[in-house]
Amino acid sequence: MYYLKDIPSTTSVLSTYTAFTASAMLVRSVISEVQAISGQLIPNQLKDLLLSKLGGLFSNPSSQMILLINEYDGCFINELYEASVAYLQTKITTSMARLNVSKAPRDSKVTVTIHRGEKVVDIYEGIQLKWEMAYVEKKGLNQQGKLEDRVLELSFHNKCMEMVINSYLPYVIQRSKAIREENKVVKLVSLGNLCGDDETNLDHPATFDKLAMDPTVKKELIDDLDRFVRRREYYKRVGKAWKRGYLLYGPPGTGKSSLIAAMANYLQFDVYDLELTSIYSNSDLQRLLVSTRNRSMVVIEDIDCSIELQNRQEQRFESGEFEQGTTNNNNKLTLSGLLNFIDGLWSSCGDERIIVFTTNHKDRLDPALLRPGRMDMHIHMSYCTPSGFRVLASNYLCITEHNLFDEIDELMMQVEVTPAEVAEEIMKSEDSDVALQGLVKFLRDKKSRSQNGDSDRQKRI
């Protein structure tokens with residue numbers, strides 16, 4: 001039982017409260033001073049690390065939200081994963097224990113990425129976010145053992161969910177685009193191995209101004225490429241997939257592969273080299289198509305001789321479709337499957353795609369491949385012309401005039417010679433006089449052989 005005399009007086013209570021308040025203000029002042037001093041003396045990266053460690057001690061685990069960003073979304077490349085990897089390369093610090101380091105043969109810089117289990121702490125608009133690289137085991141085995149998919153784990157307080165989805169992740173995507181543009185390297189990817197594609201840098205020096213091709217055709221192609229890349233909304237408005245098909249045809253040695261490299265360098269598009277002989281079915285072709293990135297070129301060289309593609313009517317007879325009413329063309333690679341790859345429903349899986357075919361014999365191709373919408377622009381890579389020779393002379397000999405030019409021009413109008421043959425001749429000497437004299441002799445000999453061949457044919461007739 002309490003008595004009235006045991007209750008503290010009002011004066012005592014107020015005095016105690018005043019003393020407590022003063023102490024609290026003093027402590028708060030000290031903390032503010034310590035924070036100010038620490039902000040000046042402790043680096044931000046170390047401070048963020050300390051805050052993350054302290055936050056882990058006192059935070060409630062149940063309040064944490066974790067987003068999993070897989071490398072692949074089914075068969076498709078997860079663009080958010082690629083963007084996050086590029087973004088996190090700018091967040092690597094010396095406090096990390098293990099990092100992945102790589103360098104392609106022709107890269108000028110070393111690439112550093114986070115290793116499995118390593119964590120990256122990021123601060124965005126006052127919110128702390130934690131990234132971690134992890135791996136998820138897949139079903140099935142390959143020759144090396146278990147199959148694994150890479151996945152990034154992004155954790156944060158669950159109250160920040162809306163901000164992360166609507167603001168932070170779009171910010172990561174935008175930053176990654178800027179980073180990739182600064183360090184853009186055109187890639188050459190070999191398509192054909194479903195267990196993993198071979199990728200390297202396309203360090204090909206070809207550019208449009210170095211190509212020995214008809215100037216008018218060259219300008220038409222450049223204008224067409226420029227028009228294609230700026231027409232995103234146009235393609236959407238007219239209801240067409242944002243893609244373009246090109247057929248490069250002409251004799252061997254006329255520069256078809258060099259033109260592909262020049263197109264890739266001009267657009268800064270990655271190149272996917274598709275080898276049809278390694279594709280066994282239409283379904284394999286579809287899976288490879290969806291694995292390609294946007295802003296890329298899919299190249300199928302020597303389409304006329306890489307595989308034998310029967311026309312669709314012959315396929316239907318041989319498969320017994322007319323007799324049985326059904327057929328399963330997905331069990332093999334067919335012309336119909338290739339056409340669907342070019343302009344069917346599967347061709348719309350991605351944006352800003354270019355498909356390039358090359359052939360030495362255009363007349364051998366099925367007419368169904370040649371129509372607009374599949375091969376929109378046909379580019380004839382012709383034998384070397386006087387204008388093409390001028391480009392080669394400038395590239396290889398660094399000259400724009402010579403007293404032998406007129407004779408060489410006249411000979412080129414009389415014989416069929418490829419740019420590759422001309423380049424080989426003028427590369428035989430660094431002395432322009434010697435190189436051009438050798439080229440004149442080569443052209444005269446070729447003209448003589450051509451005339452003798454015509455004479456022999458006339459005698460046989």
- Taking NZ, NE, NH1 and NH2 as the nitrogens, is one of them in R293 or D270 under 4.0 Å from a carboxylate oxygen of the other? yes
- E410 atom CD, neighbour heavy-atom count above 12 within 6.0 Å: no
- Is it true that atom NZ of K236 has more than 12 heavy atoms of other residues, nucleotides or ligands lying nearer than 6.0 Å? no
- Item | F389/F405 under ring pair (Phe, Tyr, Trp, His ring centres under 6.0 Å): CA gap, chis, key distance, verdict | CA-CA 9 Å; F389 162 67; F405 274 13; 5.1 Å; yes
- Message: Less than 3.5 Å apart, any donor N or O on the side chain of E301 or S257 sitting next to an acceptor on the other?
- Response: yes
- Item | F228 and Y235, any side-chain heavy atoms less than 4.5 Å apart | yes
- Message: Check this for me, if you would: do K130 and D122 make a salt bridge, where the nitrogen-to-carboxylate-oxygen distance has to be below 4.0 angstrom?
- Response: no
- Query: Any sub-3.5 Å donor-acceptor pair from T358's side-chain atoms to D302's backbone N or O?
  - Reply: yes
- Query: Hey, does Y246 have a side-chain heavy atom less than 4.5 Å from the side chain of F357?
  - Reply: no
- Query: Within the distance-only criterion (no hydrogens, no angle test), does the side chain of N78 pair as donor or acceptor with the backbone N or O of L80 below 3.5 angstrom?
  - Reply: yes
- Message: If I compare all heavy atoms of L392 with all of C384, which pair ends up nearest, and what's the gap?
- Response: CD1-SG, 4.2 Å
- Residue pair V356 / M297: nearest heavy atoms and the distance that separates them: CG2-CE, 3.8 Å
- Item | Q268 atom CD, over 12 foreign heavy atoms within 6.0 Å | yes
- Message: With heavy-atom distances below 4.5 Å as the criterion, would you say the side chains of I66 and L68 are in contact?
- Response: yes
- Item | Pair S167, Y124: side-chain N/O donor-acceptor within cut-off below 3.5 Å | yes
- Message: Does N282 form a side chain to side chain contact (heavy atoms under 4.5 Å, CB included) with L333? I'd like the steps, not just the answer.
- Response: CA-CA 5 Å; N282 292 337; L333 181 59; 3.5 Å; yes
- Query: Salt-bridged, K441 to D445, with N to O below 4.0 Å?
  - Reply: yes
- Query: For the atom pair CD1 (I127) and CE (M163), what is the distance rounded to the nearest 0.5 Å?
  - Reply: 4.5 Å
- Message: With a 4.5 Å cut-off on side-chain heavy atoms, are L404 and E407 touching?
- Response: yes
- Query: What orientation do Y249 and H378 show, parallel under 30°, tilted 30 to 60°, or perpendicular over 60°?
  - Reply: perpendicular
- Query: Under 3.5 Å, side chain of D273 to main-chain N/O of I300, donor-acceptor pair present?
  - Reply: no
- Rounding to 0.5 Å, atoms CG (L129) and CE (M65) come to a distance of 12.5 Å
- Is there a side-chain contact between L67 and V164 (heavy atoms, below 4.5 Å)? yes
- Minimum heavy-atom distance G253-P419, with the two atoms named: O-CD, 3.5 Å
- Query: Are any side-chain N or O atoms of R295 and backbone N or O atoms of L267, one a donor and one an acceptor, separated by less than 3.5 Å?
  - Reply: yes
- How long is the gap from CE on M412 to CG on L443, to the nearest 0.5 Å? 5.5 Å
- Message: With rounding to the nearest 0.5 angstrom, report the CE to CG distance, M213 to L248.
- Response: 8.5 Å
- Message: Evaluate M263 against F269 for side chain to side chain contact (heavy atoms under 4.5 Å, CB included), listing each step before the verdict.
- Response: CA-CA 8 Å; M263 292 168 66; F269 277 20; over 6 Å; no
- Query: Within the side chain of S176, is there an N or O that forms a donor-acceptor pair under 3.5 Å with the backbone of I173?
  - Reply: yes
- Closest contact, heavy atoms only, R353 versus S296: CD-OG, 3.4 Å
- Task: Determine, stepwise, if the pair E424 / F442 fulfils side chain to side chain contact (heavy atoms under 4.5 Å, CB included).
- Result: CA-CA 11 Å; E424 181 61 28; F442 172 79; over 6 Å; no
- E132 side-chain N/O to E153 backbone N/O, donor-acceptor pair under 3.5 Å: no
- Item | Non-hydrogen side-chain atoms of L259 and L221 separated by less than 4.5 Å | yes
- Can a donor-acceptor pair be found between the side chains of T334 and S336 at a distance below 3.5 Å? no
- Rounded to the nearest 0.5 Å, the CD atom of E421 sits from the CG atom of L439 at a distance of 10.5 Å
- Contact check, side chains of L154 and Y168, non-hydrogen atoms, under 4.5 Å: yes
- Message: For a 4.5 angstrom cut-off between non-hydrogen side-chain atoms, does S258 reach L211?
- Response: yes
- Task: Examine the side chains of D209 and T207 and answer whether a donor and an acceptor come within less than 3.5 Å of each other.
- Result: yes
- Message: Whether K446 and E416 form a salt bridge (side-chain N of Lys/Arg under 4.0 Å from carboxylate O of Asp/Glu) is what I want to check.
- Response: no
- Any chance you could lay out the side chain to side chain contact (heavy atoms under 4.5 Å, CB included) test for L276 and I303, step after step, and finish with the verdict? CA-CA 8 Å; L276 289 181; I303 181 65; 3.6 Å; yes
- Task: State whether the side chain of K256 and the backbone N or O of P251 hold a donor-acceptor pair below 3.5 Å, judged by distance alone.
- Result: yes
- Between R390 and T400, do the side chains contain an N or O donor and an N or O acceptor separated by less than 3.5 Å? no
- Looking only at heavy atoms, what is the nearest atom pair of P205 and N265, with distance? C-ND2, 4.4 Å
- Task: To the nearest 0.5 Å, tell me how far E220 CD sits from D224 CG.
- Result: 9.0 Å
- Query: In this structure, which one of V271, L225, V298 forms a side chain to side chain contact (heavy atoms under 4.5 Å, CB included) with I354?
  - Reply: L225
- Task: Look at the rings of Y87 and W131 and say which category their plane angle falls in: under 30° parallel, 30 to 60° tilted, over 60° perpendicular.
- Result: tilted
- Take atom CD of E79 as the centre, draw a 6.0 Å sphere, and report whether it contains more than 12 heavy atoms from other residues, nucleotides or ligands. no
- Message: Closer than 4.0 angstrom, basic N to acidic O: yes or no for K243 and E352?
- Response: no
- Message: Is a donor from one side chain sitting under 3.5 angstrom from an acceptor on the other, for H402 and D433?
- Response: yes
- Task: Flag the pair K219 and D223 as a salt bridge only when some basic side-chain nitrogen lies within less than 4.0 angstrom of an acidic carboxylate oxygen.
- Result: yes
- Shortest non-hydrogen contact from R444 to L411? CG-CD1, 4.1 Å
- Query: So among L247, L339, T359, which one has a side chain to side chain contact (heavy atoms under 4.5 Å, CB included) with L369?
  - Reply: L339
